[in-house]
There are 2 protein chains.
Amino acid sequence: MPRPSLPEAPERARGQRDPEATQRALLAAATAEFAEKGLAGARVDEIARRAGVNKQLVYHHFGNKEALYRAALEQVYSGIRAEERALHLADLPPEAALERLVGFSFDYLLDHPEFVALLNDENRQGAPHLRDADGLQAMHSPLVDLLRETLRRGGEAGVFRADLDPVQVYISIAALSYFYFSNNRTLSAIFGRELGAARDVAARRRHVIDFTLRALRP
Amino acid sequence: MPRPSLPEAPERARGQRDPEATQRALLAAATAEFAEKGLAGARVDEIARRAGVNKQLVYHHFGNKEALYRAALEQVYSGIRAEERALHLADLPPEAALERLVGFSFDYLLDHPEFVALLNDENRQGAPHLRDADGLQAMHSPLVDLLRETLRRGGEAGVFRADLDPVQVYISIAALSYFYFSNNRTLSAIFGRELGAARDVAARRRHVIDFTLRALRP
DNA sequence: ATCAACCAACCAAATGGTTGGATAGCATCG
DNA sequence: CGATGCTATCCAACCATTTGGTTGGTTGAT
């Protein structure tokens with residue numbers, strides 16, 4: 001049985017209510033709109049249209065445009081955190097664990113361009129919405145702890161340097177993948193090469209893993 | 001004799017004209033405004049106010065808001081390209097040359113936050129303005145050629161791997177510095193540590209150089 | 001050398017489409 | 001029936017762009 005509605009639109013029998021589905025639809029529409037156009041460029045009318053609901057429901061359920069933006073930000077953040085927590089690296093030998101960690105960082109950004117776009121916009125503004133987000137404490141990525149432990153194990157086993165700062169390494173791992181996606185279009189323009197093509201993406205993935213592992217060797 | 005005017009405002013004796021100074025002032029004001037608020041968030045009124053000229057001059061000299069944005073983008077790009085061309089690496093041994101190259105990339109972004117901010121905004125939009133910029137051909141960074149040559153020399157001397165792709169290495173070098181600055185606020189929030197402080201910036205600079213040089217070793 | 005024509009630089013105010021948000025009322029659920 | 005989800009309609013503020021000019025420098029014919 002095919003669903004004719006937009007993917008984001010809540011399915012609602014005539015005259016029925018489903019506030020949770022409405023909020024989900026609004027959040028999904030908002031995430032897409034804010035990712036495409038940023039906070040300033042996004043239009044509340046368009047978000048409501050995409051969600052298939054009346055514009056006033058934005059104000060009813062979220063308060064105002066900026067609060068909706070904050071909700072979208074928090075949601076994409078909690079999305080990546082959830083997947084990060086599902087990574088189990090303790091079972092793997094240090095080098096394999098690190099390869100999985102780096103690969104995960106790369107793959108997640110590849111699969112979630114809206115995360116990159118939203119974070120880009122938020123950072124250009126100076127991250128004012130993330131600063132006073134509720135779950136800021138819980139936002140600290142579990143990856144840093146996983147990384148710290150992996151580096152420690154690798155240091156003991158003699159496959160990694162022993163004097164590594166996990167925070168610096170974490171930032172570098174994130175950087176090598178994030179920059180490739182966030183600046184993909186300008187890089188493609190500069191190099192006259194379509195870096196978004198599957199072939200180039202795969203080559204970049206290999207390079208990032210290789211580059212990182214080599215940098216960590218003793 | 002102190003000048004009471006804003007730094008961006010053209011000095012103009014009463015009733016005098018100076019179209020070039022006006023355009024410079026508008027470009028400077030536009031760069032700052034677009035960097036702070038993005039294309040969508042920037043206000044033409046505010047740009048004119050910052051430049052100390054009448055709003056209509058934006059239209060007289062540049063055509064419209066988007067053309068002014070493009071001009072600002074092209075200007076910041078030509079700024080970094082100019083400094084890149086001033087780098088002479090051929091005289092240095094490969095490792096020293098690479099250290100200088102990486103250090104330059106880092107320092108330039110540190111000193112030019114408006115470059116990072118503008119590029120962030122342009123990329124989130126999908127880089128439509130850079131795509132049809134006039135000097136696209138001339139935009140190809142001379143750094144890639146410098147890097148290619150440096151890697152070749154290092155490969156022959158046995159201090160670098162011989163199978164390195166200069167484009168991938170260039171992207172990685174740019175990434176390690178760019179991401180730190182572009183995402184500085186969210187990283188600071190996540191780690192609860194002020195990564196913009198001079199101490200942290202210096203530590204990052206050392207890390208980036210070290211990380212890169214180690215990754216390139218045979 | 002003078003001056004009238006011309007045009008770029010400049011300005012204040014108007015325009016009109018857009019947009020975030022408000023108001024008022026209807027519908028449905030518990 | 002009271003509270004909450006929801007819709008239609010409205011509106012004041014905002015904002016990019018246009019209009020309709022004035023002003024000052026330059027040019028070329030006299």
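Chain identifiers are assigned alphabetically (A, B, ...) following the order of the sequence lines, protein sequences preceding nucleic acid strands; residue numbering begins at 1 within each chain.
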For [X] and [N], give me the distance from atom [atom1] to atom [atom2], rounded to whole Å.
| X | N | atom1 | atom2 | value |
| --- | --- | --- | --- | --- |
| B/R24 | C/dA9 | CZ | P | 14 Å |
| A/L39 | C/dG20 | CG | C1' | 12 Å |
| B/Y59 | C/dA13 | OH | C1' | 15 Å |
| A/L26 | D/dT7 | CG | C1' | 14 Å |
| A/E46 | C/dG20 | CD | C1' | 15 Å |
| B/R43 | C/dT19 | CZ | P | 11 Å |
| A/Q23 | D/dT4 | CD | C1' | 12 Å |
| B/H60 | D/dT18 | NE2 | P | 14 Å |

Exercise for review: Examine distances only and state if a side-chain atom of B/E194 and a backbone atom of B/G196 form a donor-acceptor pair shorter than 3.5 Å.
Suggested key: yes
Of the candidate nucleotides [options], which contains the atom at the shortest distance from the side chain of [X]?
| X | options | answer |
| --- | --- | --- |
| B/L57 | C/dG20, D/dA16, C/dC11 | C/dC11 |
| B/Q56 | D/dA16, D/dT19, C/dA9 | D/dT19 |
| A/K55 | C/dA9, D/dT7, C/dG21 | C/dG21 |

Review point. Taking only side-chain nitrogens and oxygens of B/H61, does any of them come within less than 4.0 Å of OP1 or OP2 of C/dC10?
Key: yes
Check your understanding: C/dA9 phosphate, OP1 or OP2: any side-chain N/O from B/T22 under 4.0 angstrom?
Key ->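 No, B/T22 has no side-chain N/O under 4.0 Å of OP1/OP2 on C/dA9.
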Review point. Pick one: which of A/Y178, A/Y180, A/F179 meets ring pair (Phe, Tyr, Trp, His ring centres under 6.0 Å) with B/Y178?
Key: A/F179
Practice item. Start with the C-alpha distance between A/S182 and B/N123, add both sets of side-chain angles, then the distance that settles side chain to side chain donor-acceptor pair (under 3.5 Å), and finish with yes or no. Key: CA-CA 7 Å; A/S182 78; B/N123 273 297; over 6 Å; no
Check your understanding: Of A/G41 and A/N54, whose closest DNA chain C nucleotide lies nearer the 5' terminus?
Key ->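 This one resolves to A/G41.
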**Study point:** C/dG21 base / A/K65 side chain donor-acceptor hit below 3.5 Å
**Key:**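 No, the side chain and the base share no sub-3.5 Å donor-acceptor pair.
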Practice item. Indicate whether the side chain of B/Y170 and that of B/D165 have a donor and an acceptor atom separated by less than 3.5 Å. Key: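 Result is no, nothing qualifies.
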Check your understanding: Between B/E33 and B/R50, is there a salt bridge with N-O shorter than 4.0 Å?
Key -> yes
Practice item. Quick one: label B/A42 by what it contacts on the DNA or RNA (base, sugar-phosphate, nothing), any heavy atom closer than 4.0 Å. Key: sugar-phosphate
